[in-house]
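Working notes for the structure below.
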Amino acid sequence: MERGPRVPPPSQDPVRPRKDRDSLPAASCPRPCGRFDARPPPQSRRGRWLEASGIEVFHIMNLTDVDDRTIAAAVGKGVSLREHVDPFARAFEEDRDWLRIRPPHAQPRATEYVDAMIEVIQGLLDRGVAYKGEDGSVYFAIARFPAYGRLSQLDQRELRAGASERVSTDEYAKADARDFVLWKATRPEDEAVGAAWDAPFGRGRPGWHIECSAMALDLLRRRWGVDVLDIHAGAVDLIFPHHEDEIAQSCAYTGKDEFARVWVHGEFLDLAGTKMSKRYGNILTARDLREQGVDPGAVRHLLFNTHYRQKLDWSDTALSAAREGSARLGAFRDRLALAAGETDDPEAAAAADRFRTAFAAALDDDLNAPEALGALHVLVREGNRLLDEGRRLGPAVRAAWGLADEVLAVASSARARTVAAEALTVAEEDGIPVRPPEVPPADSADGEAWALRWAAVRATEKRKRNFAEADRIRDLLRGAGWEIRDRRDGAIDVVRDGR
RNA sequence: GGCGCCGUAGCCAAGUGGUAAGGCAGAGGUCUGCAAAACCUCGAUUCGUCGGUUCGAUUCCGACCGGCGCCUCCA
């Protein structure tokens, strides 16, 4: 078991398939449904990098669709659990896609794996590490699992029962205050929303911790016949107790020493210096950003600018810096697409080489995204310089860019539309270029055509040296969100302003 | 009280036992009718403070100051 996660470079273990999973709590609760108080899960970046390195990754992301809050919310709305959860799950997937996070290979829902959970719980009862409490619920007996606390270094903590005020008062059903619930005896409200199942040890519903273990184990065993994960990811706040409990129940059940070879814990996103949390009322959701028109590339740029194990303090200035950086990369992508030739200038090939080395070294070293991003900016600077000098960028640079884009996907999606000089003519009437309407079309889909027509008019006016009019048109377009850039070869770029 | 993290240029942020990536912002320059973009040049003798180890520490150790997280189902 490793903490302070340092994943072995892929090259050390090139063929073995890896199974990567994340425990993503509750499809019902705000967090997975678009909020990202924890970063977009680090395993999604790791997955991209491992895959780009030629390693097969199988990523499982659990959906907790049954827990106290989900049930309470469903009861409140008078709908079934499923009806309550589905919209959240869909919204979550939309936000995930918007953030360019790849879908997991499997996304099991807790309610569809209850049989697997019952099997694990029964196994734990059979092994004597679980017991049925007076309230009919089944608990895990921490005293029977000596390794408990290794991940969070709990063994070094003071384990006074009731050290925290949050425990102790009404936990009389447990033998030990630290024991956690595996199976909760059914309550009327559970039945009301369909959150109750029959089990040999009584009717009830699974506890949160067991869901993750049972789903992962079930998928791992059926697909590979193994019961240890290579990588287990999650946010730092899950280390204790959730991951600790997962380890306890999983290892007690499988008899293995570890549940995951490597634990990857992402730090939090802070807002105004404090953890983003409902408790503090400082929530920022992916949905919010989307509605503000923020480019997902900029969001990723900001996220990758800080190591995943480091807290990231979200601020408008940080976002705006990321937006600029992301736009610079997007502009280079467009430039490269137009300029790339069949061969690389030797200097360009060397730059691409340097980039590949630095990029791989950074990501192989515990996914050092900030350093990888730095390397990308160096490549872009050198590429831009060479293009300015009229040198050729070819397959080497294209491939280097492609790798970066595949793994980081941080470039702004705003694309420049380039119009060649010869295409910049417009019909004239009595020596005056025919103009499109001053007001941009309501339908944003027609916006580009409108902007391009105006750009052509401006080019015409410019040729006639009517600079005042040309400047007026540029301002008009800028007001409508379009940036015009004259190029040295006489062509123009029209860029949708992504801000 | 226990466990743990952080403090690097105006801002964000990597990193190394031998004197500090990258981005943003700013200044000057090239280019341009003017812009924008791009490129070039410029910024920490210094990495919270004070000690210690060392030939040498920002990097290791200790103390202190400041900020933050977790301590049994916020999920």
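Computed from heavy atoms alone, side chains included, the values below leave out hydrogens, waters and symmetry copies. The chains referred to below are lettered A, B, ... by the order of the sequence lines, with proteins before strands, and numbering in each begins at 1.
Using the six-membered ring where Trp is involved, His377(A) and His301(A) have ring planes that are perpendicular, over 60° apart on the 30 and 60° scheme.
Separating the CG atom of Asp365(A) from the C1' atom of rU16(B) is a distance of 12 Å, rounded to the nearest angstrom. Taking atom CG of Leu367(A) as the reference point, atom C1' of rG15(B) lies 16 Å away to the nearest angstrom. Atom CG in Leu312(A) sits roughly 21 Å away from atom P in rG67(B) (whole-Å rounding). Rounded to whole Å, atom P of rU8(B) lies 11 Å from atom CD of Gln310(A). Atom CG of Asp334(A) is separated from atom P of rA37(B) by 15 Å (rounded to the nearest Å). Between the CZ atom of Phe180(A) and the P atom of rC71(B) there is a distance of 16 Å, given to the nearest Å. Between the CG atom of Asp316(A) and the P atom of rG10(B) there is a distance of 22 Å, given to the nearest Å. Atom CG in Asp313(A) sits roughly 8 Å away from atom P in rC12(B) (whole-Å rounding).
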Report task. Determine, stepwise, if the pair Val299(A) / Trp314(A) fulfils side-chain contact (heavy atoms from CB on, under 4.5 Å). Result -> CA-CA 10 Å; Val299(A) 176; Trp314(A) 188 280; 4.1 Å; yes
Requested in this report: Evaluate the salt bridge (charged side-chain N to carboxylate O under 4.0 Å, His left out) criterion for residues Glu469(A) and Arg472(A): first the C-alpha distance (whole Å), next the side-chain angles of each, then the deciding distance (0.1 Å), finally the verdict.
Outcome: CA-CA 5 Å; Glu469(A) 176 62 6; Arg472(A) 189 192 72 84; 3.1 Å; yes
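Spacing between rU41(B) and rC24(B) at atom P, rounded to whole Å, works out to 15 Å. Rounded to the nearest Å, the gap between the P atom of rC3(B) and that of rA63(B) is 12 Å. Taking atom P in both rA36(B) and rC31(B), the straight-line distance is 15 Å, to the nearest Å. Comparing rA21(B) with rU16(B), their C1' atoms sit 11 Å apart, to the nearest whole Å. Nucleotides rU49(B) and rU54(B) have their P atoms positioned 23 Å apart, rounded to a whole Å. Nucleotides rA38(B) and rU45(B) have their P atoms positioned 29 Å apart, rounded to a whole Å. For rG22(B) and rC40(B), the P atoms lie 11 Å apart once the distance is rounded to whole Å. Comparing the P positions of rC12(B) and rU53(B) gives a spacing of 35 Å, expressed to the nearest Å.
With the nearest nucleotide of RNA chain B identified for both Ala318(A) and Val380(A), Ala318(A) has the one nearer the 5' end. Where Asp388(A) and Lys184(A) meet RNA chain B, the nucleotide closest to each residue was compared, and Asp388(A) sits on the side nearer the 5' end.
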Requested in this report: Spell out protein contact along nucleotides 30-36 of chain B as letters: B when the base is contacted, S when just the sugar-phosphate is, - when no protein heavy atom is under 4.0 Å; keep the 5' to 3' order.
Outcome: -S-BBBB
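Counting only N and O atoms by type, the side chains of Ser213(A) and Ser250(A) include a donor and acceptor under 3.5 Å apart. A donor-acceptor pair shorter than 3.5 Å can be found between the side chains of Asp364(A) and Trp49(A).
In this structure, rC39(B) forms a base pair with rG29(B), meeting either the Watson-Crick or the G-U wobble geometry with both donor-acceptor distances under 3.5 Å. Across all strands shown, rG4(B) forms a Watson-Crick or G-U wobble pair, both distances under 3.5 Å, with rC68(B). rG62(B) and rC50(B) make up a base pair, with Watson-Crick or G-U wobble contacts both under 3.5 Å. In this entry rA9(B) has no Watson-Crick or G-U wobble partner, no candidate having both defining distances under 3.5 Å.
At a threshold of 4.0 angstrom between heavy atoms, the contacts of Lys464(A) with the nucleic acid are absent. Among the atoms of the strands shown, none is found under 4.0 Å from any heavy atom of Asp493(A).
A salt bridge links Glu112(A) with Arg82(A): the distance from a Lys NZ or Arg NE/NH1/NH2 to an Asp or Glu carboxylate oxygen falls below 4.0 Å. Salt bridge annotation for Asp345(A)-Arg392(A): absent, with no cationic side-chain nitrogen under 4.0 angstrom from a carboxylate oxygen. Between Asp493(A) and Arg335(A) there is no salt bridge, since no side-chain N of the basic residue sits under 4.0 Å from a carboxylate O of the acidic one.
In this model, the phosphate group of rG15(B) is approached by a side-chain N or O of Asn368(A) to a distance below 4.0 Å at OP1 or OP2.
When the nucleotides rC73(B), rC39(B), rC6(B) are ranked by their closest atom to the side chain of Arg385(A), rC39(B) comes out on top.
Using modelled atom types, no side-chain atom of Thr306(A) and backbone atom of Leu312(A) make a donor-acceptor pair closer than 3.5 Å. Judged by distance alone, with hydrogens and angles left aside, the side-chain atoms of Ser137(A) form no donor-acceptor pair with the main-chain N or O of Lys184(A) at under 3.5 Å. Under the 3.5 Å distance criterion, the side-chain polar atoms of Asp344(A) are matched with a main-chain donor or acceptor of Gly394(A).
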Which atom pairs link the protein and nucleotides 20-26 of chain B when you take only N or O atoms and keep those under 3.5 Å?
| from | atom 1 | to | atom 2 | distance (Å) |
| --- | --- | --- | --- | --- |
| rG22(B) | OP1 | Arg381(A) | NH2 | 3.4 |
| rG22(B) | N2 | Asn305(A) | OD1 | 3.3 |
| rG22(B) | N2 | Asn305(A) | ND2 | 3.3 |

